[in-house]
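Worksheet: the structure to be examined is printed underneath.
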Amino acid sequence: MKQSAERAVHVSFRGLMRALLKDRPVILAVDGVPGMDEAMGHMLDRWADFAKGERFMFALGVQTLPGAPHPDFVEGVVPLHVEPLDETAAEAYLRVNLRKDFPRDRLRRIARVSGGYPINLVNLTRIARDHPDMSEDEASQWLARSRDVREVLKMRLYQQRKESQNVMAALSVLGHGSKATHLLDLVGERWDPERCIEELQEQGLLELDGEYEDPNLFFVPQALGTMVYEQLSRKMRSRIHTRAVAYYEELLSTGAWDARESRIELARHLVGSGAPERALRLREELASEAMRAQEFAIAKEQLEGAIGLAQELELLVDVAKMNLSLARCWDALGRRREAIDLTTRLDREKDLPELLALEIRIERGRMWLDEEDPLMVEQVIKKAVATLNQGAHEHQQDDEWFVMSLRGNQLHAEVLERQGKLVQAAQVLLKVVEATEARGVDARNNAWGPSLVWEPLNQLGRVRLKMGSMQGATQLFELALQVSRDADDARGEMR
């Protein structure tokens, strides 16, 4: 704008302010100024002169970078330096602006993602009202897409040296919270990454946490990493992911790092490098291992990632199988209603393999048993159990039919027990025990775990106890306990 035109605008605006000041005090606020330059200094000087003796305040919000010196202001200006809020203050802001029953753990999650910056808190509050269950990664992605936040983050990114931008790009691919050693190994010495990390930390763009020798690196805020990643071209992302795949495969071959964490990271980079089939199988393995170890939160996370990949690859049977496993995870994590809803949806699907459809029906019945009348559950599973028994007879060499027949009969026995039909329940369970013995099932070495042997023994003991047969029940409990100990199954020992 030419100086004469600029002066005319100021004169007109001051005239407007004088007219307003006749009736009331006035506060004029200008926020989001990216920095102080000579023109901004002159403008502030003129408003400082104007304010003398008037009921007038001019508030100017100037953005500064962490670690950079604060700008000099003209005489008469009172600077107030506003730092990012700490986590406690950020949580307090969220508590005031979100509903009263908003879960505390989610408030902490949102506060962490915000980095304490008010602009982030305002945007995240708006997002959280519509998406209260969002994860930290989802919150970061939402925030990075917010136009005003995104512009600030981009400005901070492009103010860095090219080498620092490259290091941030590599870290955005490795992931928020990655080990410094992993980043240094991945990028090598060409960008002097240690110097870049130090500079980025001084400017408040990175936070180091954990071991002094090998800290974890966190973007501040997390949305910065999301935005940096999204700025990369698809080709560049794929190239860095491919290098990361080779790096984690090398780590796994040496056994130098936590194998599961490295495999989790490897799966993520396989997706980014264009190998979704390998990533899917790896996530399936990780989920199965976590479920066997009863680490259901980890299993849930891996299953959700695997399901997304299977859907993209249009592997519909795999999607159904993994959704059934996901329902079991939710149930184990205390989210019974969600688990029931998912098994109900699966039970309505058409064109699934027969054995999988029967397994879904049995799992749905098991989850329903604590929620519904046992008589109603019996009606739901009765036909499925009969079909399983017939299938096991027709496919005598097929272990999967055999095992599902056992599981179906165990559930049927529990349904009968809940109805007080103890004799019938005992008869069903006795057939299950006899079937495992006749098949020679080894509790220490089978694909379904030791519970395949000790669970029906324990269940039959419970029924015998209710029937008043103390001696028979004790013998069965002792036998189930011995099987658990021999198989080193702590869960069975506790049961």
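Numbers here simply count residues along the sequence, with the first being 1. Being a predicted model, the structure only gives us computed values, none of them experimental.
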task: Find out whether Met467 and Val423 are in side-chain contact, i.e. whether some heavy atom of one side chain is under 4.5 Å from a heavy atom of the other.
output: yes

query: Does a donor on one side chain and an acceptor on the other come within less than 3.5 Å for Asp486 and Gln482?
result: yes

Heavy-atom side-chain contact between Arg99 and Pro132 under 4.5 Å: yes

- prompt: So, Asp347 side chain and Thr343 main chain: donor-acceptor pair closer than 3.5 Å or not?
  reply: no

- prompt: In terms of heavy-atom contacts, does CD of Gln396 have more than 12 from other residues, nucleotides or ligands at under 6.0 Å?
  reply: yes

message: With heavy-atom distances below 4.5 Å as the criterion, would you say the side chains of Pro103 and Asp105 are in contact?
response: yes

query: When you check the side-chain N and O atoms of Asn123 and Ser146, is any donor under 3.5 Å from an acceptor?
result: yes

query: More than 12 foreign heavy atoms under 6.0 Å from CG of Asp351: is that the case here?
result: no

message: Is it true that, when you exclude Trp142 itself, more than 12 heavy atoms of the residues, nucleotides or ligands shown sit nearer than 6.0 Å to its CH2?
response: no

message: One pair to check against salt bridge (charged side-chain N to carboxylate O under 4.0 Å, His left out): Arg292 and Glu289. What are the steps and the verdict?
response: CA-CA 5 Å; Arg292 284 197 294 272; Glu289 291 167 10; 5.0 Å; no

- request: Say whether, by atom type as modelled, one donor and one acceptor occur between the side chain of Gln459 and the main chain of Pro456 under 3.5 angstrom.
  value: no

field: Val385/Leu411 under side chain to side chain contact (heavy atoms under 4.5 Å, CB included): CA gap, chis, key distance, verdict
entry: CA-CA 9 Å; Val385 172; Leu411 177 61; over 6 Å; no

message: Would the distance check show the side chain of Arg361 and the main-chain N or O of Val380 forming a donor-acceptor pair, the cut-off being under 3.5 Å?
response: yes

- request: Measure the shortest side-chain to side-chain distance between Arg260 and Glu295 over non-hydrogen atoms and say whether it is less than 4.5 angstrom.
  value: yes

query: Is the number of heavy atoms from other residues, nucleotides or ligands under 6.0 Å of Arg234 CZ greater than 12?
result: no

message: Donor-acceptor pair, distance only, cut-off 3.5 Å: does the side chain of Asn323 make one with the backbone of Val319?
response: yes

- prompt: Judged by modelled atom types alone, do Thr125 and Asn97 share a side-chain donor-acceptor pair under 3.5 Å?
  reply: no

- request: Look up atom CD in Glu349 and atom CG in Leu356, then write down how far apart they are to the nearest 0.5 Å.
  value: 8.5 Å

field: 4.5 Å side-chain heavy-atom contact, Met322 and Leu280
entry: yes

field: Gln222 versus Asp137, side-chain donor and acceptor atoms under 3.5 Å
entry: yes

- request: Measure from the ring center of Tyr248 to the ring center of His182 and say whether it is less than 6.0 Å.
  value: yes

message: Does the structure place the NZ or CZ of Arg95 under 6.0 Å from the centre of the six-membered ring of Phe102, at an angle of no more than 45° from the ring's axis?
response: no

query: Can you name the closest pair of heavy atoms from Ser273 and Val245 and give their distance?
result: OG-CG2, 3.8 Å

- line: The residue among Glu359, Glu455, Glu363, His412 that forms side-chain hydrogen bond (donor to acceptor under 3.5 Å, both in side chains) with Arg407 is Glu455

query: Can you check salt bridge (charged side-chain N to carboxylate O under 4.0 Å, His left out) on Arg106 and Glu136, steps first, answer last?
result: CA-CA 9 Å; Arg106 293 178 193 165; Glu136 285 191 35; over 6 Å; no

Lys/Arg N to Asp/Glu carboxylate O, Arg108 vs Glu87, below 4.0 Å: no

Backbone N/O of Gln471 and side chain of Ser469: donor-acceptor pair under 3.5 Å: no

message: Hydrogens and angles aside, do Gln419 and Glu378 bring a side-chain donor and acceptor to less than 3.5 Å of each other?
response: yes

task: Measure from the side-chain N and O atoms of Ser405 to the backbone N and O of Trp401, and report whether any donor-acceptor pair falls under 3.5 Å.
output: no

message: Please report the interatomic distance CG(Asn120) to CD1(Ile110), rounded to the nearest 0.5 Å.
response: 12.5 Å

message: What verdict does the side chain to side chain contact (heavy atoms under 4.5 Å, CB included) test give for Leu224 and Met168, after you've listed the backbone C-alpha separation in whole Å, the side-chain angles of each residue and the deciding distance to 0.1 Å?
response: CA-CA 9 Å; Leu224 174 61; Met168 291 171 77; 3.8 Å; yes

- prompt: Considering only heavy atoms from C-beta outward, does the side chain of Ile240 approach that of Leu174 to under 4.5 Å?
  reply: no

- prompt: How about His131: does its NE2 atom have over 12 heavy atoms from other parts shown lying under 6.0 Å from it?
  reply: yes

Under-4.0 Å salt bridge between Lys431 and Glu434: no

- prompt: In chain order, what residues pass the salt bridge (charged side-chain N to carboxylate O under 4.0 Å, His left out) check against Asp341, with sequence neighbours excluded?
  reply: Arg337

message: Side chains of Glu394 and Gln390: any donor to acceptor distance under 3.5 Å?
response: yes

- request: Using a strict cut-off of less than 4.0 Å between a Lys/Arg side-chain nitrogen and an Asp/Glu carboxylate oxygen, indicate whether Arg418 and Glu414 qualify as a salt bridge.
  value: yes

field: NZ/NE/NH1/NH2 to OD/OE distance under 4.0 Å, Glu417 and Lys421
entry: no

task: Give the intermediate values and the outcome of side chain to side chain contact (heavy atoms under 4.5 Å, CB included) for residues Leu171 and Ser178.
output: CA-CA 7 Å; Leu171 180 58; Ser178 293; 4.0 Å; yes

- line: Here the gap from Leu184 atom CG to Leu217 atom CG, rounded to the nearest 0.5 Å, amounts to 8.0 Å

task: Would you confirm whether His176, through its side chain, and Phe219, through its main-chain N or O, come within 3.5 Å as a donor-acceptor pair?
output: yes

- prompt: Counting N and O atoms only, with roles assigned by atom type, does the side chain of Thr242 sit under 3.5 Å from a partner on the main chain of Ser238, one being a donor and the other an acceptor?
  reply: yes

- prompt: Are the side chain of Asp214 and the backbone of Thr181 linked by a donor-acceptor contact shorter than 3.5 Å?
  reply: yes

- prompt: Counting only heavy atoms not in Glu400, do more than 12 sit closer than 6.0 Å to its CD atom?
  reply: no

- prompt: At their closest point, which heavy atom of Val173 faces which heavy atom of Arg268, and how far apart are they?
  reply: O-NH1, 3.0 Å

query: CD of Glu151 to CZ of Arg156: how many Å apart, nearest 0.5 Å?
result: 14.5 Å

field: Option among Arg243, Arg263, Arg278 that satisfies the salt bridge (charged side-chain N to carboxylate O under 4.0 Å, His left out) test with Glu249
entry: Arg278

field: Flag, side chain of Arg336 to backbone of Met367, donor-acceptor distance under 3.5 Å
entry: yes

Point-to-point distance, once rounded to the nearest 0.5 Å, from CZ of Arg104 to CD of Glu91: 5.0 Å

- prompt: So does Lys321 have more than 12 non-hydrogen atoms from other groups sitting under 6.0 Å from NZ?
  reply: no

task: State, without any angle test, whether Ser140 and Thr226 hold a side-chain donor-acceptor pair at a distance under 3.5 Å.
output: yes

statement: Output for pair (Leu200 CG, Leu206 CG), nearest 0.5 Å, gives 4.5 Å

task: Determine, for Trp368 and Arg366, whether the Lys NZ or Arg CZ falls below 6.0 Å from the six-membered ring centre while staying within 45 degrees of the axis.
output: no

